[in-house]
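Reading through the structure tokens given below for one structure.
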There are 2 protein chains.
Amino acid sequence: MHATPEEAARELLETVPIVTREIRFEMRSQRLAGLTVPQFRALAFIDRNSGSSLLEVANHMGLTPPSTSRLVDGLIARGMITREDHPADRRRLKLTVTHCGQEILETSRRSTLACLAKRLSSINASDRETIVKAMKVLQPMFTSDAQPRKLMK
Amino acid sequence: MHATPEEAARELLETVPIVTREIRFEMRSQRLAGLTVPQFRALAFIDRNSGSSLLEVANHMGLTPPSTSRLVDGLIARGMITREDHPADRRRLKLTVTHCGQEILETSRRSTLACLAKRLSSINASDRETIVKAMKVLQPMFTSDAQPRKLMK
DNA sequence: TATTGTTATACTCTATAACTATA
DNA sequence: TATAGTTATAGAGTATAACAATA
């Protein structure tokens with residue numbers, strides 16, 4: 001069995017957006033928690049990297065600084081993170097997940113995982129293994145610690 | 001080798017959003033063509049199902065009718081599809097991809113596939129085969145011909 | 001009355017351009 | 001001057017609620 005790059009590309013392009021929709025919908029549909037995918041990703045990153053600056057978040061997410069600033073505004077407005085000045089360099093921010101933010105993150109993660117796991121329980125373990133393997137191949141291929149990727153018009 | 005549903009879910013949740021970002025960025029960065037992922041999907045659907053109604057598009061995409069109406073507005077504004085009344089039932093629309101729309105669709109598809117294929121050419125054929133298999137397992141799992149999925153607040 | 005679609009409204013995501021504040 | 005971040009502005013994605021037109 002072999003697959004050409006073109007064949008694999010076609011399959012990715014057809015399937016990935018569909019799975020994304022499901023993840024997005026499940027995240028948003030949790031009353032109270034209700035995070036969007038970017039909010040979830042930013043919150044998870046700041047949780048793992050407490051005290052991050054705005055640009056660190058932006059680089060991780062592959063977003064521009066203004067987009068990230070907005071995203072962060074939303075998380076602060078909802079009480080999930082705090083924004084302080086960095087003591088050593090007052091230009092930088094020190095972003096921290098609040099207790100409330102951690103709870104929302106955990107709730108959101110658990111219920112999104114549960115939703116996916118439920119779907120995944122309907123197939124056999126070797127197909128699941130195939131999925132796991134595929135994700136492990138894909139992950140590093142698309143994680144170039146995301147350039148801000150300017151669209152330059 | 002076996003994988004639990006939870007394990008597979010974690011991998012999906014970690015990797016799928018990253019791949020999505022890449023697809024989205026590549027589509028948008030094509031000057032002129034520059035379709036978003038939903039625009040691309042809608043255009044591709046209408047191309048395959050010429051004369052579709054708005055609700056048929058909405059169901060396929062898993063969107064509400066108003067969201068779909070907006071999406072369609074954008075495609076019409078850019079001359080990629082036409083909107084006519086259905087002769088037999090004047091409530092329904094008859095959506096059709098224009099010649100220009102077909103060209104844009106093809107251009108967009110080709111260059112997005114090329115971008116993905118380029119990345120995928122850096123790994124070996126058996127890893128690509130794993131990806132293809134995984135996508136083929138995932139696709140039907142997440143294609144329930146998408147309910148409009150109301151968020152009901 | 002049920003079905004098809006649109007308009008009004010509101011958020012979020014995302015970008016570029018122009019700005020402020022600190023180093 | 002270079003770096004970190006924000007504000008202004010804009011277009012797309014998406015939803016709910018309320019509506020109009022047709023069957």
- Task: Select from A:Asp73 and A:Arg24 the residue whose nearest nucleotide in DNA chain D is closer to the 5' end of that strand.
- Result: A:Asp73
- Kindly say whether, by distance alone, the side chain of A:Arg70 makes a donor-acceptor pair under 3.5 Å with the base of D:dT9? yes
- Does the B:Asp47 side chain pair with the main chain of B:Leu43, one donor and one acceptor, at a distance under 3.5 Å? no
- Within residues 93-116 of chain A: residues closer than 4.0 Å to DNA chain D (heavy atoms): A:Leu93
- Task: Could you tell me the separation between the NE2 atom of B:His86 and the OG atom of B:Ser52, rounded to the nearest 0.5 Å?
- Result: 10.0 Å
- Between CG of B:Asp85 and C1' of D:dA21 the distance, given in whole Å, is 10 Å
- Donor-acceptor side-chain pairing of A:His99 and A:Glu103 below 3.5 angstrom: yes
- Message: Need one value for B:Ser53: base, sugar-phosphate or nothing, where a base atom within 4.0 Å counts as base even if backbone is also close, heavy atoms only.
- Response: sugar-phosphate
- Query: What is the nucleic acid contact for A:Asp89, judged by heavy atoms within less than 4.0 Å: base, sugar-phosphate only, or nothing?
  - Reply: sugar-phosphate
- Message: For C:dT12 and A:Thr36 - does any side-chain N or O of the residue sit under 4.0 Å from the phosphate oxygens OP1/OP2?
- Response: no
- Message: Under 4.0 Å, heavy atoms only, any strand: does B:Arg41 hit a base, just the sugar-phosphate, or nothing?
- Response: nothing
- Query: Are any side-chain N or O atoms of B:Glu26 and backbone N or O atoms of B:Ile23, one a donor and one an acceptor, separated by less than 3.5 Å?
  - Reply: no
- Query: For residues A:Ser111 and A:Gln30, is any side-chain donor paired with an opposing acceptor at under 3.5 Å?
  - Reply: yes
- Query: Are A:Arg90 and C:dT22 close enough that a side-chain N or O sits under 4.0 Å from OP1 or OP2?
  - Reply: yes
